[in-house]
Amino acid sequence: MDQLNLLYQWWQEVNQTTTVGAILTSLIVFSFCLLYLFNLTRNKGLNFPPSPPKLPIIGNLHQIGARLHHSLRNLSDKYGTIMLLHLGHTPFLIVSSAEIAKEIFFKTQDAFLYRPQTRAARALFYACCDIAFCPFGDYWRQVRKICVQELLSQRRVQAFQFVREVEVANMIEKIRDSSLSGDAVNFTQMFAVISNNVIFRSALGRAYEEETNKSFSELSRSAMDLIGYFCFEDLFPFLGWLDNLTGLTAKLKTTSGEIRSFLDQMIGKREILNSSDDESDEKDLLDILLHLQKDGSLEIGITRENIKAILLDMFVGGTDNTATTLEWAMAELVKNPSEMRKVQAEVRRVVGKKSKVEENDVNQMEYLKCVVKETMRLHVPAMITRATIASTMLQGYDVPPKTIVLINAWAIQRDPKLWDRPEEFVPERFLNSSVDFTGQHSQFFPFGAGRRGCPGISLAIAEIEYVLANLLYWFDWQLPDGARGEDLDMSDVYRLLIRRKVPLRLVPVSRF
Ligand SMILES: *[C@@H]1O[C@H](CO)[C@@H](O)[C@H](O)[C@H]1NC(C)=O
Ligand SMILES: *[C@@H]1O[C@H](CO)[C@@H](O)[C@H](O)[C@H]1NC(C)=O
Ligand SMILES: *[C@@H]1O[C@H](CO)[C@@H](O)[C@H](O)[C@H]1NC(C)=O
Ligand SMILES: *[C@@H]1O[C@H](CO)[C@@H](O)[C@H](O)[C@H]1NC(C)=O
Ligand SMILES: *[C@@H]1O[C@H](CO)[C@@H](O)[C@H](O)[C@H]1NC(C)=O
Ligand SMILES: *[C@@H]1O[C@H](CO)[C@@H](O)[C@H](O)[C@H]1NC(C)=O
């Protein structure tokens, strides 16, 4: 909702230059009035889900605070676990019940298999020809198959273990320097760097070079920021032209242009080298995509644009989510010293006196796996988004066409009706339980679920577990300035993801 603030500021400025402001205001008010009248005469006889009272022009926008996940939970407590909001002119279906979420994931056929194609998504992902945003249909089936069977398969996750090892070793080296000088480690920054490096190497095989040019990580970061913005066009389709005035259109154009030319360069180099013919195991995602494109085994061919969009997906989907989860995990462990001791003891027992934590070790760390699950229960990184394109029914209610569906996994995973001690960090709850990340058998679906669930679960979890195991094996962790764990501020903010409000800084104490 940062964008709303920006718009508001911009609006104030326009209003100060009086004539332009006056003309614009009357235009806008006029178009709103027309629409409002038009709306009053529509939608008779349909049974929509309950809605909070809305204002004529902005709908329910005024009821949404900066912390979207909290606002939506509060509204749901009052109006119901299925609720229809209007943000501007766009209908949003808010779901805060596990049962209804699972109906959407697994039982509603194709109606909810779409994603909102916001203006930013269309600009950045080549008219949404990636996996995250592309419309449900044959092309989507094809791309999903590529992701599941080729790019993000279990085999590939194992093949990329060497990437995680190199990057984690670098990270541990840096932390060791801090432990010698007694400096705190800024985890917000460190996790952003490592998650970006891991994706960069996996996707493009080249180490992320901090010093050269404006690095791609900055580009994918600005892409992510832009995706989080709601443009005028998304909320008030008839006001799309205002996005040109706010400069958003220009910014989207520049950023997507820069990303395009960077990826074009990378692809161009590969095509000259023919490196996709290389049969070695150290193929990166780009090699695989180019190979698939050439060998003609696909039913629907993929173009260069498709390849670029899919690569960008990997960056956008695989960087911030992972970094945020890692940061929350370390924060929860520092805040809960007995859980910290327990997980450290396990990690150190399994690794023993080896000079390196191995991937196989991690598979024996039951408690560590529970820590990751419990972190993702309390701090699910994002809302789960879907969209409809046609009118449909859900739980006996009519859902209008072109509705954006937000499943508030954050609220569901803290629902006192479903979880014992919902606000507490209790990794033990996942011990001996069959709950996994697929969302099939539980009220736990941090990655979404069903056919449109995130295909990168294994890759993300492998990285999170391996990084955590290393941090806990090599170091003990303290808060700076002798602060006590119990006092650690756990406030969150909503900026596309649910992040820590205060960056986590911890002082490492080397065990060796
Ligand atoms: C939600 O409700 C709680 C308790 O009623 C209140 O403390 C909190 O400020 C509300 N949050 C938002 C974002 O409205
Ligand atoms: C930690 O890193 C984040 C992200 O790079 C930065 O915004 C923040 O200012 C840093 N905090 C401190 C205390 O250095
Ligand atoms: C930096 O960018 C320029 C222009 O895009 C390019 O010509 C140059 O090779 C780049 N330098 C490095 C070290 O990547
Ligand atoms: C907004 O800008 C884009 C490109 O910069 C242009 O194609 C479009 O026509 C503009 N829209 C309006 C309403 O001016
Ligand atoms: C790459 O492949 C093309 C045709 O597939 C061939 O013409 C070209 O010589 C190859 N380039 C190299 C460097 O092997
Ligand atoms: C999990 O199972 C093991 C043996 O299979 C048992 O010893 C342990 O107490 C169980 N833990 C919980 C939390 O139920």
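The figures that follow rest on heavy atoms only: side chains count, while hydrogens, waters and symmetry mates do not. Values in this document were obtained by computation on a predicted structure and should not be read as measured data.
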For [X], I'd like to know if atom [atom1] has over 12 heavy atoms of other residues, nucleotides or ligands within 6.0 Å.
X: Arg484; atom1: CZ; answer: no
X: Glu486; atom1: CD; answer: yes
X: Lys251; atom1: NZ; answer: no
X: Gln109; atom1: CD; answer: no

Heavy-atom side-chain proximity of [X] to [Y] below 4.5 angstrom:
X: Arg452; Y: Trp140; result: yes
X: Tyr494; Y: Met383; result: yes
X: Phe136; Y: Arg141; result: yes
X: Met224; Y: Thr319; result: yes
X: Thr325; Y: Met376; result: yes
X: Leu312; Y: Asp130; result: no
X: Glu428; Y: Glu339; result: yes
X: Phe160; Y: Leu285; result: yes

*asked:* Apply side chain to side chain contact (heavy atoms under 4.5 Å, CB included) to residues Phe125 and Ile131 and explain how you reach the verdict.
replied: CA-CA 9 Å; Phe125 290 97; Ile131 169 90; over 6 Å; no
[X] side chain to [Y] main-chain N or O, any donor-acceptor pair under 3.5 Å?
X: Arg304; Y: Ile267; result: no
X: Arg451; Y: Phe105; result: no
X: Asn336; Y: Glu332; result: yes
X: Asp476; Y: Val509; result: no
X: Asn321; Y: Gly317; result: yes
X: Ser195; Y: Ala192; result: yes
X: Asp234; Y: Arg119; result: yes
X: Thr255; Y: Leu252; result: no
X: Arg386; Y: Arg115; result: no
X: Gln142; Y: Ile300; result: yes

Atom of [X], atom of [Y] and distance for their closest heavy-atom approach:
X: Leu292; Y: Asp295; value: O-OD1, 3.3 Å
X: Leu468; Y: Ala329; value: CD1-CB, 3.9 Å
X: Ala111; Y: Tyr114; value: O-CD1, 3.8 Å
X: Arg414; Y: Arg377; value: CA-NH1, 4.3 Å
X: Leu124; Y: Ala223; value: CD1-O, 3.6 Å
X: Ala120; Y: Ile227; value: CB-CA, 4.0 Å

_Audit row: Glu173, Arg176, salt bridge (Lys or Arg N to Asp or Glu O under 4.0 Å) steps and yes/no_ = CA-CA 5 Å; Glu173 212 43 54; Arg176 200 165 279 135; 3.4 Å; yes
Look at the rings of [X] and [Y] and say which category their plane angle falls in: under 30° parallel, 30 to 60° tilted, over 60° perpendicular.
X: Phe430; Y: Phe444; value: tilted
X: Trp410; Y: His70; value: tilted
X: Phe512; Y: Tyr473; value: tilted

_Result of checking Glu463, Glu359, Glu358 against Gln161 for side-chain hydrogen bond (donor to acceptor under 3.5 Å, both in side chains)_ =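 Looking at Glu463, Glu359, Glu358, the match for Gln161 under the side-chain hydrogen bond (donor to acceptor under 3.5 Å, both in side chains) is Glu359.
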_Candidates His379, Arg499, Lys501, Arg67 - the one meeting side-chain hydrogen bond (donor to acceptor under 3.5 Å, both in side chains) with Asp492_ =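 That would be Arg67; it is the only one of His379, Arg499, Lys501, Arg67 passing the side-chain hydrogen bond (donor to acceptor under 3.5 Å, both in side chains) with Asp492.
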_Candidate pair Phe187 and Trp477, rule side chain to side chain contact (heavy atoms under 4.5 Å, CB included), full reasoning_ = CA-CA 12 Å; Phe187 273 128; Trp477 296 96; 3.6 Å; yes
_Test side-chain contact (heavy atoms from CB on, under 4.5 Å) applied to Arg156 and Leu459, Leu151, Ile288, the passing residue_ =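 Per the side-chain contact (heavy atoms from CB on, under 4.5 Å) rule, the option paired with Arg156 is Ile288, out of Leu459, Leu151, Ile288.
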*Ignoring hydrogens and angles, state whether a donor on the side chain of Asn363 or Glu465 is under 3.5 Å from an acceptor on the partner side chain.*
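No donor-acceptor contact under 3.5 Å links the two side chains.
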*Judged by modelled atom types alone, do Asp415 and Trp419 share a side-chain donor-acceptor pair under 3.5 Å?*
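No, because no side-chain N or O of Asp415 sits under 3.5 Å from a partner of the opposite role on Trp419.
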Inter-residue atom distance [X].[atom1] - [Y].[atom2], 0.5 Å rounding:
X: Ile194; Y: Gln189; atom1: CD1; atom2: CD; result: 13.0 Å
X: Leu378; Y: Gln413; atom1: CG; atom2: CD; result: 9.0 Å
X: Cys231; Y: Leu248; atom1: SG; atom2: CG; result: 4.5 Å
X: Glu150; Y: Lys145; atom1: CD; atom2: NZ; result: 9.5 Å

_Pair Arg495, Asp225 - check salt bridge (Lys or Arg N to Asp or Glu O under 4.0 Å), show working._
CA-CA 8 Å; Arg495 281 198 310 268; Asp225 290 344; over 6 Å; no
*Under the side chain to side chain donor-acceptor pair (under 3.5 Å) criterion, do Glu327 and Thr188 qualify, and how do the steps go?*
CA-CA 7 Å; Glu327 200 181 351; Thr188 310; 2.7 Å; yes
Run the salt-bridge test on [X] and [Y] with the 4.0 Å N-O cut-off and return the result as yes or no.
X: Asp436; Y: Lys373; result: no
X: Glu165; Y: Lys356; result: yes
X: Lys335; Y: Asp487; result: no

*Walk me through it: do Arg155 and Gln158 pass the test side chain to side chain donor-acceptor pair (under 3.5 Å)?*
CA-CA 5 Å; Arg155 184 172 132 244; Gln158 277 160 16; over 6 Å; no
*Tell me, with the steps shown, if Asp320 and Leu496 meet side chain to side chain contact (heavy atoms under 4.5 Å, CB included).*
CA-CA 10 Å; Asp320 264 20; Leu496 187 56; over 6 Å; no
*asked:* Between Thr303 and Asn306, is the side chain to side chain donor-acceptor pair (under 3.5 Å) condition met? List the steps.
replied: CA-CA 5 Å; Thr303 64; Asn306 298 154; 3.2 Å; yes
*Quick one: do Val351 and Met365 satisfy side chain to side chain contact (heavy atoms under 4.5 Å, CB included)? Show the steps, please.*
CA-CA 10 Å; Val351 179; Met365 299 176 184; 3.8 Å; yes
_Within 45° cone and under 6.0 Å: Arg500 NZ/CZ vs Trp328 ring_ =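 The answer is yes, since Arg500 meets both limits relative to Trp328.
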